[in-house]
Amino acid sequence: MKTVSFFPSRTVAIYMGRMFLVRTFAVLAALVLVLQALDLLSESGDILAYPGNGDSQVWQYVALRVPQIVSRFLPFSVLLGTILTLITMNQNSEIVALKGSGLSAHQVLAPLLVASLGVAVISFAFNDRVVARSTATLNQWQKVNYGKLPIDRGDRANVWVRDGDDLIEVNQIRGRGDATRLGGITLYDRTGGNLVAILRADHGKRAGGGWLVEPATRFDVARGTVTNLGSIVIAKDVRPDQFTLASVDADGLSFGALKAAIGDLSDAGRPTKALEGSLWHKLSGPLSSVLMPLLGAVAAFGIARSGKLFVRAVIGMGLGFAFFVADNFALAMGNLGAYPPFLAAWAPFLLFFLIGEAVLIRSEE
């Protein structure tokens, strides 16, 4: 009994997969080179404006920015790589030969789908291990106007918390939960909206149902006097998560770290819908690479001599661009709370998967 394989021969599969990957990463390298050069035109002036910055800081910025560009444009590169691969094979009548040997459209695309799945896995790992860290570091560096880069990339900086009428500013926060440590604390004691006193302390930790800060000094606004208070407990109504989760940047956290932050926020009774959408998108975003061979497959089928090959390539690119627009729109609606998190992350993927399948089946007919 003859065994039916979903893939072409091993030689053809390797040939198509290699051609697809070479073109994909060549397009990605060209895009990164051009876009990074354009980005430097707008940012290099701000980097060099800080006293003491020079060429090393510019290259440091490039090292932090390139992973973001790679992450954003990798699916688009997969789309162009797919179209270039299929156009080349169509012009050389290789697609016709494969179809003539009895292969279906899905079998012809199988090597590209498997290769794109590998790209998606690499993309997820790259985003989780490299892009998240570089984004967090670059955001902190930009907050200090490209000055001295903070050493501890896990610290939170310049956090403001409200305690009734009082305002609390903390320069640096480390740890989480009851192990949270505060540094550079300033409490603005207000009554009825009027500033009464300013309390400052170097260090603070969770203790006695509040925050034990020391060594503390109090400046009385009305009298103009400064009093040394030593150790004192303040902000008994402020929870640790109000300091540590005051600002959660989904792009600057790995999948595991973002999931833990969402859990902490949920336990504290705070809204998490926008972050949940970003969490799901950390999976659907890299997986969108698998869609690109389906959306670009319209360039493969149809006789090249008919003169419609260019039109087919444009249609494939149009479908890809439409997916990226729909994906960004759905994610924005999810951040606003208009879409449920799961729907915001996965609806464009499922919709264009069905569109790609419909186009492929129609082409096969």
Side-chain angles (χ1 to χ4, degrees), residues 46-53 57 136-250 252-253 257 260-261 263-272 275:
D46 294 335
I47 297 172
L48 297 175
Y50 191 88
N53 282 356
Q57 281 70 34
T137 304
L138 183 57
N139 288 343
Q140 288 193 10
W141 197 21
Q142 289 175 334
K143 286 180 180 179
V144 295
N145 297 320
Y146 300 109
K148 186 177 180 181
L149 188 66
I151 297 176
D152 188 353
R153 299 178 184 179
D155 292 354
R156 275 73 64 196
N158 301 323
V159 174
W160 287 79
V161 172
R162 185 166 184 167
D163 180 24
D165 283 342
D166 300 341
L167 295 176
I168 304 173
E169 179 189 9
V170 182
N171 292 335
Q172 189 178 52
I173 302 171
R174 298 182 181 180
R176 51 186 295 195
D178 290 337
T180 302
R181 295 293 183 267
L182 311 180
I185 306 126
T186 303
L187 184 149
Y188 298 92
D189 187 1
R190 304 192 306 171
T191 302
N194 297 320
L195 184 62
V196 176
I198 300 176
L199 186 146
R200 301 181 188 276
D202 295 335
H203 310 287
K205 61 181 180 180
R206 187 74 170 161
W211 297 90
L212 178 65
V213 298
E214 55 185 358
T217 60
R218 176 185 173 90
F219 172 73
D220 191 295
V221 175
R223 299 179 181 179
T225 58
V226 178
T227 306
N228 293 321
L229 302 178
S231 300
I232 185 175
V233 176
I234 63 171
K236 292 187 177 181
D237 294 330
V238 177
R239 305 181 307 273
D241 65 270
Q242 290 180 257
F243 287 115
T244 58
L245 300 176
S247 178
V248 177
D249 180 14
L253 295 176
D264 291 343
L265 285 170
S266 180
D267 293 340
R270 298 171 65 180
T272 61
L275 293 176

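Everything quoted here is computed from the prediction, not taken from an experiment. Below, all heavy atoms of this structure are taken into account, side chains as well, without hydrogens, waters or symmetry copies.
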Determine yes or no for a side-chain-to-main-chain donor-acceptor pair under 3.5 angstrom, with Asp220 supplying the side chain and Ala222 the backbone. yes
Which residues satisfy the side chain to side chain donor-acceptor pair (under 3.5 Å) test with Asn139, sequence neighbours excluded? Asp249
Please name the pair of heavy atoms, one in Ala250 and one in Leu275, separated by the smallest distance, quoted to 0.1 Å. CB-CD2, 4.0 Å
For Val238, is there any backbone N or O sitting under 3.5 Å from a side-chain donor or acceptor partner on Asp163? no
Side chain to side chain donor-acceptor pair (under 3.5 Å) against Thr217, all qualifying residues, sequence neighbours excluded: none
Could you check if a side-chain atom of Asn145 sits within less than 4.5 angstrom of a side-chain atom of Asp46, using non-hydrogen atoms only? no
Inter-residue atom distance Asp189.CG - Asp166.CG, 0.5 Å rounding: 4.5 Å
Any side-chain heavy-atom pair from Asp165 and Thr191 closer than 4.5 angstrom? no
Looking only at heavy atoms, which two atoms of Gln57 and Trp141 are closest? And how far apart? O-CH2, 3.3 Å
Which heavy-atom pair separates Ala235 from Ile168 by the least distance, and what is that distance? CB-CD1, 3.5 Å
Decide yes or no for Val196 and Val221: does some side-chain heavy atom of the first lie under 4.5 Å from some side-chain heavy atom of the second? no
Nearest heavy-atom approach of Ile185 to Gly204 is CD1-N, 3.5 Å
What's the shortest heavy-atom distance between Gly252 and Ala136, and which atoms? O-CB, 3.5 Å
Across all chains, not counting sequence neighbours, the side chain to side chain donor-acceptor pair (under 3.5 Å) partners of Tyr146 are Glu43, Gln142
Closest non-hydrogen contact found for Leu212 with Ser231 is CD1-CB, 3.9 Å
For a 4.5 angstrom cut-off between non-hydrogen side-chain atoms, does Val213 reach Leu199? yes
Answer whether the closest heavy-atom distance between the side chains of Ile232 and Arg218 falls below 4.5 Å. no
Pairwise distance CZ(Arg162) to CG(Leu167) - rounded to 0.5 angstrom: 6.5 Å
Do the non-hydrogen side-chain atoms of Trp211 and Lys205 ever get within less than 4.5 Å of each other? no
Starting at CD1 of Ile234, measure out to CG of Leu182 and round the result to the nearest 0.5 Å. 8.0 Å
